[in-house]
Peer 1: 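This is the structure I want to talk about, given as structure tokens.
In the text below, chain A, chain B and the rest are named by the order of the sequence lines, each starting its count at 1.
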Amino acid sequence: MPLALVDCNNFYVSCERVFNPKLEAKPVVVLSNNDGCVVSRSNEVKALGLKMAEPWFKLEKLSKQHGIIAYSSNYALYGDLSARVMSILSTFSPRQEIYSIDECFLDLSGFDPQSLMAYGQTIRQTVKRNVGIPVCVGIADTKTLAKLANHCAKKELSGNDGVCDFGQMDKVEGRALFAGIPVKEVWGVGPNISRKLLNMGIKTVEDLRTTSADKIRSQFSVVLSRTVNELNGTPCIELEDAGTPRQQIMVSRSFGAAVTELEELIESIAYYTTGAAEKLRHDGSVATSLCVYIRTNQFTEAEAKYQQSIVVPLSQPTDDTMKLVSAACHGLKTIYRRGFRYKKSGVLLMGLQARKTIQPTLFDDPAKQARSASMIRTMDAINKKMGSGSLTLAASGTQCRWAMRRESKSPNYTTDWKELLAVG
DNA sequence: TCTGGGGTCCTAGGACCC
DNA sequence: TCTGGGGTCCTAGGACCC
């Protein structure tokens, strides 16, 4: 039952480098929405000690000093390259779980255990050759161990050029390796749990592995006790097949500039709800309620603070953009207060269920519903063909003063004819 | 202008009902 | 009048991940 975790190295930075080879060997970062935080760092930047999610404006001096090159995030580019990487990886196993934009699990059961190291190398070389993105491969019997093996491959702890297979390690070797890795590197152990573990004297992966799962369960939660079992080779987290639907869908953004007027908040909420509804239909789900929230800047001390959210039940489960937008705007109007400078808004679709399970009600008008569904399908098709956002509801507005800042975005090399890479 | 991301799931605890 | 157990549903907040 071995499985592999394939993870792209410094994914967003690597995407930028594919189309701009001059960035190779230079310190490069990619920033989050609004050019807020550092979300991807090249190895050169990691070596400078720059942390993940650090606010960019605080790094101005350091970045000048070391000539760090910063890019705004270009999700159209990263999403497209991700799809190419995932498609190639899917050919290496009958079962693939895409875990995030830059990593996936592959089921390797049935393969010759002795050949997996070589197979891992083939995977790396194929992705590098066909897309230009470097990846590392971790192989083990559980998801948590595969994540850890991937960590070892990335840090070159196992000495095997981008691939690490715990199956090729004997017990003594494995224990020594685990005893040298801080417990915070384990998947599922964040800063909080890590602190509490340290207080209990559990410092390394090996310490955690040898702690009784029952003790962990009573002091923490069933989630972390699963982690302990997984570290011991007992799978507790199943491989999820493609199409396992999400339980909630969130779309939220900070604004490029503070917003005070209800009309502008409505535009942002309509826009985010439209995006959330597209994800919802992509999953084949319907929502039974939604939550709208708005907030002022949480960091500026001097400003008046306000944050509020409201849950709006839907009269019946739906995936109809117009019904969702209308419900979200209705909710927004009840929580909006004049006189605040808003910095962020968001929409959360909740109570998701499969569209095919919903019960029609007495008051349904099938003809009307068919018309509505057909219009939504047309909108989705146009947006897929012409690019996301080509066709939106008028409620989303056209000015978008609230839209995010992206001052140093690279071109959409692969998704926009006008921005193709020019050679020569 | 004036800088601080976005998304998902789990758990604990309260309300309510039988 | 007070005391029970046990289940479900909901919400808020915590924690994690990338």
Peer 1: Rounding to a whole Å, what distance do you find between Y12(A):OH and dG6(B):P?
Peer 2: 12 Å
Peer 1: Report the relative orientation of the aromatic rings in F105(A) and W187(A); use parallel for angles under 30°, tilted for 30 to 60°, perpendicular for over 60°.
Peer 2: tilted
Peer 1: Ignoring the backbone of Q248(A), work out which of dG4(B), dG7(B), dT8(B) is nearest its side chain.
Peer 2: dT8(B)
Peer 1: Could you give the NZ-to-C1' distance, from K46(A) to dC18(C), as a whole number of Å?
Peer 2: 12 Å
Peer 1: Report the distance from atom NZ of K279(A) to atom P of dT8(B), rounded to the nearest whole Å.
Peer 2: 5 Å
Peer 1: Give the rounded distance in Å between these two atoms: CZ of F255(A) and C1' of dG5(B).
Peer 2: 14 Å
Peer 1: Rounded to whole Å, please give me the gap between CG in D7(A) and C1' in dC18(C).
Peer 2: 9 Å
Peer 1: Taking CD from Q298(A) and C1' from dG4(B), how many angstroms apart are they, rounded to a whole number?
Peer 2: 7 Å
Peer 1: Ignoring the backbone of V222(A), work out which of dC16(C), dC18(C), dT11(B) is nearest its side chain.
Peer 2: dT11(B)
Peer 1: Assuming nearest nucleotide by heavy-atom distance, tell me which of L348(A) and D35(A) is located more 5' along DNA chain B.
Peer 2: D35(A)
Peer 1: Under 4.0 Å: is that the gap between some side-chain N or O of S254(A) and OP1 or OP2 of dG6(B)?
Peer 2: yes
Peer 1: On the nucleotide dG6(B), are OP1 or OP2 found under 4.0 Å from the side-chain N or O atoms that K344(A) carries?
Peer 2: yes
Peer 1: What's the gap between dT3(B) and dC17(C) when it is taken at their C1' atoms, as a whole Å value?
Peer 2: 25 Å
Peer 1: How would you label the contact of W187(A) with the nucleic acid (heavy atoms, under 4.0 Å): base, sugar-phosphate, or nothing?
Peer 2: sugar-phosphate
Peer 1: Output all residues satisfying ring-ring contact (aromatic ring centres under 6.0 Å, His included) with Y12(A), sequence neighbours left out; order by chain, then residue number.
Peer 2: Y75(A), Y78(A)
Peer 1: Are OP1 or OP2 of dG5(B) and a side-chain N or O of S73(A) less than 4.0 angstrom apart?
Peer 2: no
Peer 1: Just checking K196(A): base, sugar-phosphate only, or nothing, at a heavy-atom cut-off of under 4.0 Å?
Peer 2: nothing
Peer 1: Identify whether any heavy atom of V186(A) sits under 4.0 Å from a base atom; if not, whether one sits that close to sugar-phosphate; answer base, sugar-phosphate or nothing.
Peer 2: sugar-phosphate
Peer 1: Would you kindly check if the NZ (Lys) or CZ (Arg) of K344(A) is within the cone defined by 45 degrees around the ring axis of F255(A) and under 6.0 Å from the six-membered ring centre?
Peer 2: no
Peer 1: In whole angstrom, what separates D102(A)'s CG from dC17(C)'s P?
Peer 2: 14 Å
Peer 1: Centre of Y71(A)'s six-membered ring, under 6.0 Å away, within 45 degrees of the axis: is that where NZ or CZ of K409(A) sits?
Peer 2: no
Peer 1: Rounded to the nearest 0.5 Å, how far apart are CG of L262(A) and CZ of R337(A)?
Peer 2: 11.0 Å
Peer 1: Output yes when at least one side-chain N/O atom of R341(A) is less than 4.0 Å from OP1 or OP2 of dC2(B), else no.
Peer 2: yes
Peer 1: Tell me whether the side-chain N/O atoms of N33(A) come closer than 4.0 Å to OP1 or OP2 in dG6(B).
Peer 2: yes
Peer 1: The side chain of P191(A) is closest to which nucleotide in this list: dT3(B), dC18(C), dC16(C)?
Peer 2: dC16(C)
Peer 1: Base, sugar-phosphate, or nothing: which does E54(A) touch, judged by heavy atoms less than 4.0 Å apart?
Peer 2: nothing
Peer 1: On DNA chain B, compare the nucleotides closest to V39(A) and S221(A); which residue's is nearer the 5' end?
Peer 2: V39(A)
